[in-house]
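First comes the structure, then the notes that go with it.
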Amino acid sequence: MMNTLNTENPIEKPFRKTGDPVDLTSESPLHPRRKSRRIMVGPVAVGGGAPISVQSMTNTLTANVPATLQQIAELTAAGCDIVRVAVPSQDDADALPEICRKSPIPVIADIHFQSKYVFQAIDAGCAAVRVNPGNIRKFDEVGPDICKAATDAGISLRIGVNAGSLDKELYAKYGGPTPEALVASALKEAHMFEDVGFHDFKISVKHHDVITMVETYRLLASKGDWPLHLGVTEAGPAWQGTIKSCLAFGALLAEGIGDTIRVSLSAPPVEEVKVGCKLLEYMGLRPRKFDIISCPSCGRAQVDVIQLASAVTEGLKDVTAPIRVAVMGCIVNGPGEAREADLGVASGNGKGQIFIKGKVIKTVPEDQIVDTLLTIANDIAAQMEADGQVPVNSTGPVVVPIQHPGH
């Protein structure tokens, strides 16, 4: 079901000043979070232990305001916390005030080459601006003015380098877009801002190769306390890009590195958000929402597990309650192996044993398995919501309390 945008209640303006203290913190169950300073992207805190936020970017023409706002609404419904919009033309810059005013989540203007659009984006009410000093004309001259305008507006900036935009001198010095070259470029840019007293920025050093990307962020993380935006640039189509992003983000997040992420896919932006949110859930960095456990297809299976799991997933795709449903193809992988699931089915001999928390509650014909599971799952989800087990702001960054052993 398509989510329509409520334009009557835009997010509060003006934004809080960047770096304001916020009580929200989120730890990882795998490794202490890297200590970074905190900035603000509108009302969303980034860095300083704040919950890791999920970003995406619209692929509409920004100048087409209705289409852009509709896509932002869909991204918000999928769990996106921060959205970036491209500003390559004057028409796009002119559209920013209305987009910022009506967007339910903070808007970042993505700007290259033309510094005048940076100032227009700030005046339009953008929560932040992504600038690449390496391709902004005469940045040495306009950089201090950009920093002053951002400071006066209380917004943050994102800087950083991609492999494709590496400074030619650094490319030659290091023999290509190596981790050392990318970090040297990022440090050069960071010092340009810090030398004029501006500190409210995050850094990205993206690369399409997983190993290079991970090594680059590890190196950069050791050089200072800037909040870091993680990304595997040009990751590829959905299947390939998801694997690349999960490998790279998983490695870094498991080490406590990373404050905000974007999964870059050659796919609809909503798919990026779905992958990013699920990744954080499975890393223990966001509360779990609906999850499905299903066994692989094998010679023991007496039911089409693939079709059954797909049907259940599709039927529960809009559920936000943290319900876990198990779909098992035979009694071997039945209630015992999936006893921790809230609800499940073990199939065989044309029937399905429906179980809750490992206890069989009924047996139904195979053609009634899906409908039975969906009905019971929705009942359980509704009860979870009534019991307050679903966060009120279920699509935003949330704190994940970590219970350490012995506490």
Side-chain angles (χ1 to χ4, degrees), residues 34 36 39 41 46-47 52-59 80-86 108-113 128-136 156-168 170-171 174 176-190 193 201-224 226-238 240-255 257-267 269 271-273 275-276 279-280:
R34 164 182 169 267
S36 60
I39 65 172
V41 180
V46 175
I52 295 171
S53 52
V54 174
Q55 302 190 26
S56 186
M57 187 170 182
T58 57
N59 61 10
C80 190
D81 305 308
I82 299 168
V83 65
R84 189 153 37 107
V85 298
I108 298 178
D110 187 275
I111 295 170
H112 298 267
F113 308 116
V129 179
R130 184 269 178 104
V131 294
N132 189 335
N135 64 25
I136 293 288
S156 57
L157 301 175
R158 175 187 141 199
I159 62 173
V161 63
N162 294 347
S165 60
L166 183 62
D167 179 85
K168 292 181 180 179
L170 291 173
Y171 189 99
Y174 291 96
T178 64
E180 293 77 14
L182 292 167
V183 169
S185 178
L187 294 179
K188 179 181 177 182
E189 294 180 5
F193 284 82
F201 61 88
K202 60 182 179 289
I203 303 179
S204 65
V205 280
K206 300 193 293 185
H207 197 282
H208 63 83
D209 177 73
V210 171
I211 294 174
T212 302
M213 180 270 198
V214 170
E215 290 178 341
T216 302
Y217 274 98
R218 282 174 175 166
L219 181 58
L220 180 60
S222 71
K223 300 293 185 181
W226 313 282
L228 300 181
H229 170 76
L230 302 187
V232 178
T233 190
E234 295 123 20
Q240 173 180 304
T242 295
I243 294 172
K244 281 187 173 183
S245 297
C246 288
L247 284 171
F249 293 178
L252 291 167
L253 294 171
E255 298 173 13
I257 297 172
D259 300 291
T260 182
I261 65 172
R262 182 202 174 182
V263 177
S264 298
L265 302 177
S266 299
E271 298 305 311
E272 298 184 348
V273 174
V275 173
L279 171 63
L280 293 180

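For the side-chain contact (heavy atoms from CB on, under 4.5 Å) test, residues two or more places apart in sequence or in another chain that qualify with Ala238 are Ala267. Not a single salt bridge (charged side-chain N to carboxylate O under 4.0 Å, His left out) links Glu189 to another residue, sequence neighbours left out. In this view, Phe193 and Phe139, Phe201 satisfy the ring-ring contact (aromatic ring centres under 6.0 Å, His included) rule, not counting sequence neighbours.
Annotation: side chain of Leu253 is in contact with side chain of Leu280 (closest heavy-atom distance under 4.5 Å). Within the 4.5 Å cutoff, side-chain heavy atoms of Trp226 are placed close to those of Leu187. Looking at heavy atoms from C-beta onward, Cys246 lies in side-chain contact with Leu279 at the 4.5 angstrom threshold. Using a 4.5 Å cut-off on side-chain heavy atoms (C-beta onward), Val183 and Thr216 make contact.
No donor-acceptor pair closer than 3.5 Å links the side chain of Ser264 to the backbone N or O of Ala235. Between the Tyr171 side chain and the Pro177 main chain, no donor and acceptor come within less than 3.5 Å of each other. The main-chain N or O of Leu219 is found under 3.5 Å from a side-chain atom of Ser222 such that the two form a donor-acceptor pair.
Ser204 pairs in a side chain to side chain donor-acceptor pair (under 3.5 Å) with only one of the listed residues (Arg262, His229, Arg130, Arg158), which is Arg158.
Residues Lys244 and Val210 share a closest heavy-atom pair of O-CG2, 3.7 Å. Taking each heavy atom of Val273 and Cys80 in turn, the nearest pair found is CG1-N, 3.4 Å. Residues Gly176 and Leu166 share a closest heavy-atom pair of O-CD2, 3.8 Å. Across every non-hydrogen atom of Arg34 and Gly224, the tightest pair is NH2-O, 2.8 Å. The two residues Val46 and Lys202 come nearest to each other via the heavy atoms CG1-CD, 4.3 Å.
By the 6.0 Å contact criterion, CD1 on Ile243 is enclosed, its count of non-hydrogen atoms from other residues, nucleotides or ligands being greater than 12.
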